[in-house]
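Note: hydrogens, waters and symmetry copies are ignored here, and every other heavy atom, side chains too, is used. Order of the sequence lines fixes the chain letters, A, B, ..., with proteins taken first and strands second; residue numbering starts at 1 for each chain.
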Amino acid sequence: MAEVKSTCCYCGVGCGVIVQTEQRPQGVVITGVRGDPSHPANFGKLCTKGSTLHLTAGAAGRLLYPQLRPRDPMGRPRDPKGRPRDEQARRRAGTVRMHWDGALALAAERFGRVIREHGPDAVAFYISGQLLTEDYYVFNKLAKGLIGTNNVDTNSRLCMSSAVSGYKATLGADAPPACYEDIDHAGCLFISGSNTAYAHPILYRRIEAARARNPGLKMIVVDPRRTDTARDADLHLAILPGTDVALCHAMLHVLLWEGLCDMDYIRAHTERESFDALRDRVREFTPAAASEVCGVAAADIVTAAKWFGQSRATLSLYCQGLNQSANGTHNNAALINLHLATGQIGRPGAGPFSLTGQPNAMGGREVGGMANLLPAHRDLADPAHRAEVAALWGVDSVPAKPGKTAVELFQALRSGEVRAVWIACTNPAQSMPDATLVRAALERAEFVVLQEAYAHTDTTPYADLLLPASTWGEKDGTVTNSERRITRVRAAVPPPGEARHDWVIARDFALALGRELGSELNHADAGRLFAYASAEDVFNEHRATTRGRDLDISGMSYALLEQGPQQWPLREGESTGAARLYTDGVYPTPSGRARFALTDHKPTAEKTDARYPLHFNTGRLRDHWHGMTRTGRVPQLYGHVEEPLLAMNALDMRRRGLADGDIARVSSRRGEIAVRVAASEDMRAGQTYLPMHWGSQFMNSPGANALTVPDFDPQSRQPELKHAAVRVDKLDLPWEMVVMRAVSEADAPAVLAAAQPLLAEFGYATLGLFGREHPAVILRAANAVPAAEELVERIDRCFVFDPAASLSYADARRGVAKRVTVADGRVAGVRLSGETAARDWLKQAVAEGMAIDTVRRWVLAPVSTPPAGSNTRGRIVCNCHDVSENEISAEVAAGADLSALQDKLKCGTECGSCVPELKRLVAALKKAA
Amino acid sequence: MKMKKMKLVMVGNGMAGVRTIEELLKIAPGMYDITVFGAEPHANYNRILLSPVLAGEMTIKDIMLNDVDWYEQNGIRLHLNKKVVRIDRRARKVTAEDGTEEDYDRLLLATGSNPFILPIPGKELQGVLTYRDIGDTNAMIEASGQYKRAVVIGGGLLGLEAANGLKQRGMDVTVVHLAEWLMERQLDRTAADMLKKSLEARGLKFLLQKQTTSINGPLIDGKAGRVESVSFSDGETIPADLVCMAVGIKPNDDLARSAGIHCTRGVVVNDTLQTYDPRIYAVGECASHRGIAYGLVAPLFEMAKVCANHLALMGIGRYQGSVTSTKLKVTGIDLFSAGNFTGGADTEDIVLQDAVGGVYKRLVIQNERVVGGVLYGDTVDGAWYFQLLRDKQNIAEIRDHLMFGQSHLGNSGHQGQNNAANMPDEMEVCGCNGVCKGTIVKAIKSQGLFTLDDVRKHTKASSSCGSCTGLVEQILASTVGGAYEPQQTATKPMCGCTDHTHEEVRKTIREQHLLSIPDVQRFMEWRTPNGCASCRPALNYYLLSTWPHEAQDDPQSRFINERAHANIQKDGTYSVVPRMFGGVTDAKQLRRIADVVEKYDIPTVKVTGGQRIDLLGVKKADLPKVWADLAMPSGHAYAKALRTVKTCVGSEWCRFGVQDSTQMGIDLEQAFWKMYAPHKVKMAVSGCPRNCAESGIKDVGVIGVESGWEIYVAGNGGIKTEVAQFLCKVKTAEEVLEYSGAFVQLYREEARYLDRTVHYVARVGLDYVKKRVLEDTEGRKALYARLQFALQGEKDPWQERAAGAGRGEFESFEVAV
């Protein structure tokens, strides 16, 4: 066994991992992963997702070869008579394999043609916060340096841009001033719009530890939902969506009233006029007035403000709740205003600390990989900055015209202004708001390149050219985490098939495009611009661009990073980076002083009304990541939440005649989806919440983003993914189906992909995995009428039900058709259609590989409990130790508290991600008892 | 002068005929002088079980149904080995081959059927057999000892049983069948294929779609020699040492034909099994009823019953044809087929298939009724499906569960709930003796049976193999326990334990001053040693109400609710309703109730229709603690006693009230609570004629009017709502107590146990009540006094139990293992 140090590819905490590999007949394979004890982000800990990373490695479900989806020679989605071509049919028709050289030449030819005919701004690049810094750098240079368009934007636009613009508007630069260690020094944690317990579990472990050490540490959580993080808080402000600025204003009002503002700091380090203007503005935001707007008690606002102001050090942690809003910049700035007003910044334990959603959103911005940025935090709008970059790259100029940001880019694609798009390492068909528009845009596009590690994403069917990319475990480069810490990402195994590294693909495309366009490009030759032999070459060039900038890493090198991760800035001659910024009170603004942003309270972009009366919120779950291309391959990560569930307030459900598990149609002005609903105590009346992870690969709709709005913040251009107005109606789909099939881990992605087209056949349908030792695929569906016989047969073929090794039951008139298939004497597959009473215990039977002989007489019977009377296990709470809610309940009923649970069942003792939930369960069960 | 007995002669000594005789002897013993002719040398045996005999699993002795002794014991003249060859209808006489003659008044033809013999060359060769009787069976057993190769022609029920038997006997067996699949008249293709597969696994060989053209063998001295081979229409010939023809049967109607009786394919009979000569009956395989000659045993038995009924001159039975089912008697192969198993355009199939476990079940459904089915591999529920089929029972409700059998049906509801209550009356419980549930229930009810032995004695159910004992016990329990609703008439005995009526028992208790149940039973010569679940509670009540403070209460003679002093709920927990006099409570009581609810984790708290608070879901073991903590008296919500006195707000608060009904209600309740009665007693007091307390549907309802109170009696809000009748109007509260008390005491003393006041008053008449309560002032006062005496010192059962009495009822014993 060999071990390679790298970084986790999930969230922005940036945990160090140690990847374990073994030599196998087919080559070196990744067999395990553990936390890197020496990494300062996690000190050896990993969360449920990180600790199952090795289960996502391997060739199964990967895109292995370049592939072309043929279209007519004109490349247009209309036939010669002007009729729209059947895009669906074309997508279904599949792809043909290509050689790399041919694929790149084709791409260059197509992009070249568009650039020649329509100019450089007719092409665009849409890349990803999950790319490495080096990948980003090459793409950015390709667009802005070689082609001459600023149309390069990334999915970080959906995630961090408001944090960036918030920082810039107040502190003057895109740099989180705090670090993880500040958690240990804080006297008050102000967590806003972040369910840290789910989204940044390892950081949350650190918060738990700090609170354990320091019982006086106050924790305030601002979140419309009562999340696990909110439950843990000393004070939870369950504000209404879109009222963050009003809350901050009211808190500042209280701080001023109570004399808790640090006037000395304001005088010394901020622009005084900006403070005065803000003070005038917040005058009307009394706690009572804000209480009306925010929907929280005035006294709680006062308490929050006092804790914030009186604490020796207040650290704010915030994330998408502030960012994914049409008022995101102000949401961020209003919070930073509080820090400036109280001088809670630039000291250990104090500061506004934006938590990064993606693993390398930070690195992407460092190299300027966005439509409005240039390398090393330079501004596109600044002519001097453009000149600096042109000089650094050795090109005549960098175009001044701002590029299209994410939403605008797809709108331009839809309108035909942009004609060809290159998408890398992201899945806009699922992750962009208003999925209907985005999908229409992709259909309209003349040429879509998708550079992707996985064979099946929601975007795949729209791609003309698919280019296989390497992914975690195979890549080499660097990433920057939330606390400005740069860590090496190292390859443990070679990429499968013909997959190549992202920066290599970008470089080779640049070279091919250079050949294609030759003299037509006004810049120097591509060969010189892209003369990189290694990721380190790219890094070194990037490093050179940072010299003298706020993020100066001139003192950093791969060699230094070999010894351990480093925070920026780390200037030449320095041995370590800066743990925190602005300790001297000097800000990177022209005046050297921080500015109070004159923030405005604005309601959500879409308002609820009688037709769409409910607030719709989206977000993450504990055990899934983004569009599930990676986590969706790990059976045990479905144990916590198996299906996309719309969380609702019980009263709202009752009024609509909905019970737990009922299927409902959720509709907005832009689309509708069918999901199951679940009553949740976390939800205030009028609020709904849907995890964003499920898309068309796992359900019969694009998921949450079929409903979301395309509105975005005017400054940051970040869309309002966290709010839409929806209505929820009960869907009458009385005919239900559940299909389960044991599969090997290697086969799971293929079976999922094969089953995906079935989803479209039902009014409601989801796909997923379950099990551990016996992984299995599960299709859950419901419809208004029974499935036709040929559909059932199709399903049987898809899930490999061998009639000769099956038990079956059919009552055609009732629409009931059940089948259990047996392998090695075990229940290996179950298809229940029309009648699914036995779904739960049969699911367990499949997961356990139950012997058929013990249940033969009962497997097809409509019984909800297994013959032996043993209970089904229920939801898995602790994924590391596979402990279910029922098992926990039993122990608690027997008197166990958290530590007894941890002793006995081991739950919550590995990654700790489930500890908040365990605490909640213990409290709830104890209360019930 | 004694009438000469009629003569009944039966021709044929098979199962159908003898069963007819048996049935006849049961219902009209001694009516006939009976003679039986049997062509075989054996007495009556079970022909169906010849297959196990052939297979070596049983002996001839095992399958004898009625031996020669039986005939003798029943005075039946038996002619064995005598084949009747002639019927002289004019002389009413039959003649056997050997010249034996017998006269008859009634003749019963039960000549059975003959095997069909293929009209092909070689059919007379030695070693070519049919499979019909003991003789054939013995011949095959003998041949199997000497020869190796057997060919069975015919892949039907009989052929396969023969083939299996011969294989068991060590022969190499090939089954030749004309149709595409085996048993095509009973099985669909899938089931037949599975059957074939498993028979092949046992070593049988099959030639399907083969038409036999000849059986070949030598002629020795012009006489047929031993069979050597069998040839088919496709030219193939296979060797054979033994050929068994099992290609069907034809009714043996030769005798009837020769006597000029109308025969088609079989002797034509009507619904009373009479032939065209009304003195002559025909049953069994020889009979053709509505165009069908049955070859299975069940219809024959049904015919036997009707025929016997008619022979006994009862003339009420009609045979209307049978729906038949088939079981293949090959050990290890479970196969069942019934009705229309192939289905059709207007039928639906429910199919269960277990390719691995070798199970196939198909039920054919038409209009939510089972019309046919095939079961292979698992036939446990065959009888049930057959029952559903014959009863044309609507299965819509149980459709999804149908395939998984009757036991599943029981289990799908409340676990452990017994199946007996759900069984239809026609369902056979005891297979040995053909006793159905209805017969047992009827016997239990009409004859007051309370023990298994009683049931066995009266119905024969569970008296043979005993495999149905559990079911019989369940029926007994569900009939006696749950569905108890006495149907008494003045002369009807209390129960099966005695011939005495309720009134006689009460009178005797009073006159003889009897003080205990055993005293009563001894004095009144109870038939059962300890009485039954029906008489014991009644006796206990009669004793206590007649001799308060003297008679000994027997808690074991009370229903569980009265033993536990709480109402048992459907999940086995109890409900607790503390008494709140007049429906009035206060903060202290409410607080205690709230504390108890929290402390004992009581899931549901509900306000009852009688204005009380009901704590539902109390664990039995918690009851004494709950009572102690409540520190409130029992509401008797479980008992045949005064339940509640419902009140309206009354003049104290209400703008309309003319009397203080609340106080009146409290007074009534305090006066009468703890009062046990024949059944529950409910009262109400309304403060004005608006009657908010619903006094008009209570056992005693009081309505305040300007000038006093009106008393209504014998109302009932139950299953059948009865409006209370006006008894009288009184002026004072004291009078209300006295008059009401006198009325309830009268009811307590005279009503039958489990009568509500409405039943009692309906029986004796309101005038009688008025005479006793209104007109007879002394009598009224005496009644009231007796009531007061009865209630004097009566303890609150809860506080008694809370203090430790009768603890055994609530605690389970620790048993050392």
Side-chain angles (χ1 to χ4, degrees), chain A residues 734-736 786 789 792 796 801-829 831-838 851-870 893 925-929, chain B residues 190 193-194 197 334 343-371 373 375-381 395-416 598-603:
Chain A
W735 186 88
E736 296 217 23
E789 208 169 315
V792 175
D796 280 6
F801 281 88
D802 175 9
S806 288
L807 293 78
S808 61
Y809 171 92
D811 182 349
R813 220 265 297 134
R814 290 264 297 108
V816 177
K818 299 184 268 191
R819 172 160 281 184
V820 171
T821 198
V822 178
D824 303 327
R826 296 173 185 283
V827 177
R831 184 245 295 149
L832 303 176
S833 32
E835 184 281 299
T836 62
I852 181 70
D853 284 337
T854 59
V855 289
R856 178 174 295 277
R857 221 180 130 68
W858 305 97
V859 282
L860 295 172
V863 286
S864 53
T865 48
S870 71
L925 292 163
K926 279 270 193 289
K927 194 177 161 209
Chain B
T190 313
D193 286 350
M194 292 176 83
K197 224 167 121 186
D334 293 319
D346 52 352
T347 64
E348 301 144 7
D349 287 349
I350 303 178
V351 183
L352 183 143
Q353 218 166 344
D354 177 354
V356 191
V359 173
Y360 171 75
K361 304 187 195 183
R362 169 147 166 245
L363 296 175
V364 181
I365 310 290
Q366 189 170 28
N367 296 327
E368 300 290 6
R369 280 161 181 87
V370 178
V371 295
L375 309 180
Y376 183 87
D378 175 6
T379 56
V380 171
D381 293 298
I395 51 91
E397 296 258 306
I398 55 169
R399 184 168 177 138
D400 285 352
H401 297 263
L402 192 62
M403 188 55 96
F404 305 95
Q406 198 182 13
S407 57
H408 168 69
L409 205 58
N411 291 336
S412 65
H414 294 289
Q415 294 286 333
E598 287 191 346
K599 182 170 171 187
Y600 297 99
D601 197 12
I602 294 170

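Ranking A:Leu807, A:Leu860, A:Val820, A:Ile852 against chain B, the residue ahead of the rest is A:Leu807, based on heavy-atom pairs under 4.5 Å.
When all heavy atoms of A:Ala804 and B:Ala355 are compared, the closest pair comes out as O-CB, 3.4 Å.
More than 12 heavy atoms of other residues, nucleotides or ligands lie within 6.0 Å of CG in B:Asp346, so this atom counts as buried by the packing criterion.
Between B:Val356 and A:Arg856, the closest side-chain pair of non-hydrogen atoms falls below 4.5 Å. Contact check for B:Phe404 versus A:Tyr809: side-chain heavy atoms found under the 4.5 Å cut-off.
The CG atom of A:Asp811 lies 7.5 Å from the CD1 atom of B:Ile365; values are rounded to the nearest 0.5 Å.
A salt bridge (charged side-chain N to carboxylate O under 4.0 Å, His left out) with B:Asp400 is found for one member of A:Arg813, A:Lys818, A:Arg814 and no other, namely A:Arg814.
Annotation: side-chain contact (heavy atoms from CB on, under 4.5 Å) contacts of B:Ala396 (sequence neighbours excluded): B:Glu368, B:Asn394.
Of the atoms belonging to B:Arg399, heavy atoms from both backbone and side chain fall under 4.5 Å from chain A. Using a 4.5 Å cut-off between heavy atoms, A:Ser808 contacts chain B through both its backbone and its side chain.
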